[in-house]
Amino acid sequence: MQNTHPGVIRLDGDTASGRAYISEVVRGRDGRGGLNYAIYHDRYQRTGDGWRFTERVYEVRYEDASPLAGSPPRPADASGSAHR
């Protein structure tokens with residue numbers, strides 16, 4: 001699961017630069033999981049069709065490969081309540 005949080009965009013005519021903050025919780029098919037926090041460093045260009053990305057750099061700022069303590073929620077039963 002990836003959550004992207006708003007950052008800053010700086011306009012300079014028809015170009016811009018920005019950043020967005022990312023938090024991710026990952027569980028692979030092999031059961032290994034992890035958590036990280038990162039930043040997208042972006043550059044944009046205004047075109048006739050609107051703003052477009054010209055560059056995106058992904059910078060991991062914190063990574064934790066400790067086993068995840070939680071688990072996905074169990075499916076709801078026919079009455080709409082989850083089994084616990």
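Here the structure is a predicted model, which means the values were calculated and not measured.
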Would you say [X] has more than 12 foreign heavy atoms packed within less than 6.0 Å of its [atom1]?
X	atom1	result
Asn3	CG	yes
Arg61	CZ	no
Arg56	CZ	yes

Atom CZ of Arg46 and atom CZ of Arg52: how far apart are they, to the nearest 0.5 Å?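 So the gap between those two atoms works out to 12.5 Å.
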Nearest 0.5 Å, what's the CD-OG1 distance between Gln45 and Thr15?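 Answer for the CD-OG1 pair, Gln45 versus Thr15, is 6.0 Å.
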Taking Ile39 as the starting point, is it possible to reach Val60 by hopping between hydrophobic residues whose side chains are less than 4.5 Å apart?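 Val60 and Ile39: separate clusters.
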Have Ser66 and Asp64 got a donor and an acceptor in their side chains that come within less than 3.5 Å?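 Asp64 and Ser66 do have a side-chain donor-acceptor pair below 3.5 Å.
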Exam field: side chain [X] to backbone [Y], donor-acceptor pair closer than 3.5 Å:
X	Y	value
Thr54	Arg43	yes
Glu63	Tyr37	no
Arg32	Arg29	no

Could you check whether any side-chain heavy atom of [X] comes within less than 4.5 Å of a side-chain heavy atom of [Y], counting everything from C-beta outward?
X	Y	answer
Leu68	Val25	yes
Arg10	Val8	yes
Glu24	Leu35	no

Worked check of side chain to side chain contact (heavy atoms under 4.5 Å, CB included) between Phe53 and Asp42: CA-CA 7 Å; Phe53 285 93; Asp42 298 328; 3.6 Å; yes
Specify the closest pair of heavy atoms between His5 and Ser23, including all atoms of both residues, with the distance to one decimal.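 Of all heavy-atom pairs spanning His5 and Ser23, the closest is NE2-OG, 3.5 Å.
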Measure up the Trp51 and Tyr44 rings against each other and bin them: parallel (under 30°), tilted (30 to 60°), perpendicular (over 60°).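 Perpendicular: the ring planes of Trp51 and Tyr44 meet at over 60°.
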